[in-house]
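Residues take their numbers from the sequence shown, with the count starting at 1. Heavy-atom basis, side chains included; hydrogens, waters and symmetry copies ignored. Bear in mind the structure is a predicted one, so any value in this text is a computation, not a measurement.
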Amino acid sequence: MTHPNGRRRFLTSSLAAGAAMALPLRGMAADTALEMVLITPSPAGDVGWSRTLLSGAEAVVAEHGDAVKLQFLESISEGPDADRVMNKAVAQGAKFVILGSFGYQNGGVQLAKKNPDVSVLHASGFEVTPNFSPFAAKYWQGTYLMGMAAAGLTKSKKLGMVGAFAIPELITSVNAFAMGARAVDPEITVANVWVNSWFDPAAEQNAAKALLAQGVDVIFSNAQDTPSVIGVAEDAGAYVFNLNSSMKSYAPKKYLGVVGTDWAPFFKTKVDAHLAGSFKGEFSWLGLADDVLFVADWSPDIAADAKAKIEAAEAAIRDGSLTVFAGPLMDASGKERVAKGAAMTDPEILAMDWHVAGITTPLPN
């Protein structure tokens with residue numbers, strides 16, 4: 001994907017940049033401080049994916065005080081730019097690296113192999129080495145619930161999604177959205193537009209308008225870092241929800257809710273493990289039961305009986321009595337993918353590259 005190279009921001013343990021921004025990393029921290037770097041593909045505004053990652057890292061700094069120093073590098077393009085930036089940060093003393101994009105994986109793995117004393121967390125990937133640890137959220141647990149809510153509010157029975165990239169993490173999110181809606185009303189359909197960017201407000205707005213032109217009256221903003229889709233839906237009178245952080249202030253009338261993430265506890269656990277010398281590479285897939293994923297800011301327009309069913313489903317997902325990707329499960333072509341009485345395994349969900357029944361837009365090649 002393409003991203004403009006953005007500004008770099010340095011945060012001290014007090015979370016104020018100040019004059020220290022001009023100093024090299026080692027001049028900012030005591031010799032005993034852990035130097036941590038967070039790299040993201042988009043800028044961290046007041047909402048979105050990069051904001052949630054930054055808030056999680058800031059919480060670690062706030063807990064440890066001067067023992068941890070944070071360098072935040074935003075709007076870093078995947079590929080050579082990211083590789084250069086992460087290697088420079090480590091060369092300057094960073095020992096704990098958080099890579100905030102799937103596309104940083106290859107460079108991050110090489111970085112970890114060359115620097116066994118550096119601990120690396122990588123968002124949304126799958127590679128694991130002794131000091132390289134991927135993490136992801138089970139967004140589909142929350143989007144299933146949003147689908148249930150959307151089914152009770154749609155009048156056209158046409159739902160839509162604006163997605164960043166057609167990777168399994170986002171495919172599972174929209175699949176579960178469709179499944180939750182169709183569990184309430186099997187006549188509902190979902191149309192998708194993939195913009196092939198994590199941060200392209202103009203393309204996101206155009207995608208939302210295209211869905212509205214098709215009669216869609218509930219839109220899922222799937223991994224946009226800006227409220228672009230949210231604002232278009234609000235202006236058009238369509239319900240809308242998003243991932244990661246609340247954007248309710250941008251849609252005070254038509255906000256359906258948020259499938260949010262709180263990375264602070266997870267980041268704290270991993271930083272503590274690094275400081276204790278016990279960090280190990282492992283895949284962490286975290287959901288409602290882990291208190292990393294949450295659903296909030298539900299629309300007051302959701303009927304009381306519908307809300308009760310949503311809350312019951314959430315409780316069942318938390319305790320494991322409701323499995324979202326369970327059979328019988330058909331794909332968009334009508335082929336049975338999961339038989340009755342069976343359920344998809346975690347590896348199958350993590351590799352999902354097909355759409356469920358009810359989604360009308362083919363996946364891009």
Side-chain angles (χ1 to χ4, degrees), residues 1 38-42 44 48-57 60 78 82 96-109 112 119-129 131-146 161 163-177 194 198 220-225 242-245 258-271 273 279-295 317-318 320 323-325 343-354:
M1 67 182 174
L38 167 64
I39 303 173
T40 64
S42 54
W49 166 250
S50 293
R51 164 47 55 191
T52 62
L53 294 179
L54 179 57
S55 295
V60 175
E78 295 169 338
F96 195 96
V97 179
I98 305 174
L99 301 176
S101 182
F102 178 83
Y104 296 159
Q105 178 171 264
N106 292 342
V109 169
S119 298
V120 183
L121 295 181
H122 174 240
S124 304
F126 54 87
E127 292 283 353
V128 177
T129 75
N131 60 325
F132 188 87
S133 196
F135 67 95
K138 297 180 179 180
Y139 291 110
W140 45 271
Q141 293 183 338
T143 60
Y144 182 89
L145 303 175
M146 288 292 170
M161 181 219 68
F165 287 90
I167 60 174
E169 184 177 23
L170 305 192
I171 293 171
T172 56
S173 296
V174 70
N175 279 350
F177 175 52
W194 299 97
W198 298 114
F220 169 20
S221 179
N222 193 357
Q224 274 74 58
D225 246 0
N242 65 287
L243 303 183
N244 293 309
S245 66
V258 61
V259 179
T261 49
D262 177 8
W263 295 111
F266 173 68
F267 287 171
K268 289 175 184 177
T269 297
K270 290 300 185 180
V271 167
F279 184 97
K280 67 176 182 178
E282 59 187 354
F283 179 67
S284 298
W285 203 20
L286 308 165
L288 291 169
D290 305 291
D291 292 328
V292 166
L293 194 77
F294 62 90
V295 287
I317 291 172
R318 282 181 177 274
T323 301
V324 171
F325 292 110
M344 293 180 69
T345 64
D346 283 354
E348 288 172 338
I349 298 172
L350 287 164
M352 202 170 196
D353 61 355
W354 49 275

Student: So which atom in Ser245 and which in Thr52 form the shortest heavy-atom distance, rounded to 0.1 Å?
Tutor: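 In this case the closest contact between Ser245 and Thr52 is CB-CG2, 3.8 Å.
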Student: Contact between Trp285 and Leu350 at the side-chain level, heavy atoms closer than 4.5 Å - yes or no?
Tutor: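 With C-beta onward as the side chain, the pair touches.
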Student: Taking all atoms of both residues into account, what is the closest heavy-atom pair of Ser284 and Phe266, and its distance?
Tutor: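 Taking Ser284 first and Phe266 second, the nearest heavy atoms are OG-CE1, 3.4 Å.
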Student: List the steps, then state whether side chain to side chain contact (heavy atoms under 4.5 Å, CB included) holds for Leu293 with Leu286.
Tutor: CA-CA 7 Å; Leu293 194 77; Leu286 308 165; over 6 Å; no
Student: Kindly compute the distance separating CZ (Phe279) from CZ (Phe132), expressed to the nearest 0.5 Å.
Tutor: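 It is 9.5 Å, given to the nearest 0.5 Å.
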Student: With a 4.5 Å cut-off on side-chain heavy atoms, are Leu99 and Leu121 touching?
Tutor: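 The answer is no, as the side chains (C-beta and beyond) never meet within the 4.5 Å cut-off.
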Student: Can you check whether Trp140 reaches Glu169 side chain to side chain, under 4.5 Å on heavy atoms?
Tutor: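 They are not in contact (no side-chain heavy atoms under 4.5 Å apart), so the answer is no.
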Student: Locate the shortest heavy-atom distance separating Gly142 from Val295; write the atom from each residue and the value.
Tutor: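 What the structure gives for the nearest pair is CA-CG1, 3.9 Å.
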Student: So which of Val324, Asn175, Val259 actually passes side-chain contact (heavy atoms from CB on, under 4.5 Å) with Tyr144?
Tutor: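 Output: one option passes, namely Val324.
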Student: Knowing that exactly one of Val174, Asn222, Thr172, Thr261 qualifies, which makes a side-chain contact (heavy atoms from CB on, under 4.5 Å) with Tyr139?
Tutor: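 Testing each of Val174, Asn222, Thr172, Thr261 against Tyr139, the sole residue satisfying side-chain contact (heavy atoms from CB on, under 4.5 Å) is Thr261.
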Student: Are Phe135 and Lys270 packed together at the side-chain level, in the sense that at least one heavy-atom pair is separated by less than 4.5 angstrom?
Tutor: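 No; the side chains remain at least 4.5 Å from each other.
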Student: With the side chain counted from C-beta on, respond yes when Val109 and Gln105 share a heavy-atom pair under 4.5 Å apart, and no when they do not.
Tutor: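 A side-chain contact exists here, since the closest heavy-atom pair is under 4.5 Å.
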Student: Under a 4.5 Å cut-off applied to non-hydrogen side-chain atoms, are Arg318 and Asp291 in contact?
Tutor: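 Result yes, sub-4.5 Å side-chain heavy-atom pair found.
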Student: Please report the interatomic distance CH2(Trp49) to OG(Ser42), rounded to the nearest 0.5 Å.
Tutor: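 Result: 9.5 Å between the selected atoms.
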Student: Just wondering, do Leu53 and Leu38 contact through their side chains at under 4.5 Å, heavy atoms?
Tutor: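 When only atoms from C-beta onward are counted, Leu53 and Leu38 do touch, with a gap below 4.5 Å.
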Student: Any idea which heavy atoms bring His122 and Tyr104 closest together, and the distance?
Tutor: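 The answer is NE2-C, 4.0 Å.
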Student: Nearest 0.5 Å, please: how far is CE in Met344 from CD1 in Ile349?
Tutor: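 CE of Met344 is found 5.5 Å from CD1 of Ile349.
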Student: Applying side chain to side chain contact (heavy atoms under 4.5 Å, CB included) to Met352 and Phe325, what does each step give before you reach the verdict?
Tutor: CA-CA 11 Å; Met352 202 170 196; Phe325 292 110; 3.8 Å; yes
Student: Identify the heavy atoms of Ser50 and Asp225 that sit nearest to each other, and give their distance.
Tutor: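 Result for this residue pair: OG-OD2, 3.1 Å.
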Student: For the atom pair CD (Gln141) and OG (Ser173), what is the distance rounded to the nearest 0.5 Å?
Tutor: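 One finds 10.5 Å between CD of Gln141 and OG of Ser173.
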Student: Please find the pair of heavy atoms, one from Leu145 and one from Leu288, that lie closest to each other, and give the distance.
Tutor: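 Minimum heavy-atom separation between Leu145 and Leu288: CD1-CD1, 4.5 Å.
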Student: To the nearest 0.5 Å, what is the distance between CG on Asp262 and CG on Asn244?
Tutor: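 So the CG of Asp262 and the CG of Asn244 are separated by 11.5 Å.
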Student: I'd like to know whether the aromatic ring centres of Phe267 and Phe96 sit less than 6.0 Å apart in this structure.
Tutor: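 No.
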Student: Side-chain contact, heavy-atom cut-off 4.5 Å: Pro134 with Val128?
Tutor: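 Pro134 reaches Val128 side chain to side chain.
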Student: As an exercise, state the distance from CH2 of Trp194 to CG of Leu170, rounded to the nearest 0.5 Å.
Tutor: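 The CG atom of Leu170 is 5.5 Å from CH2 of Trp194, to the nearest 0.5 Å.
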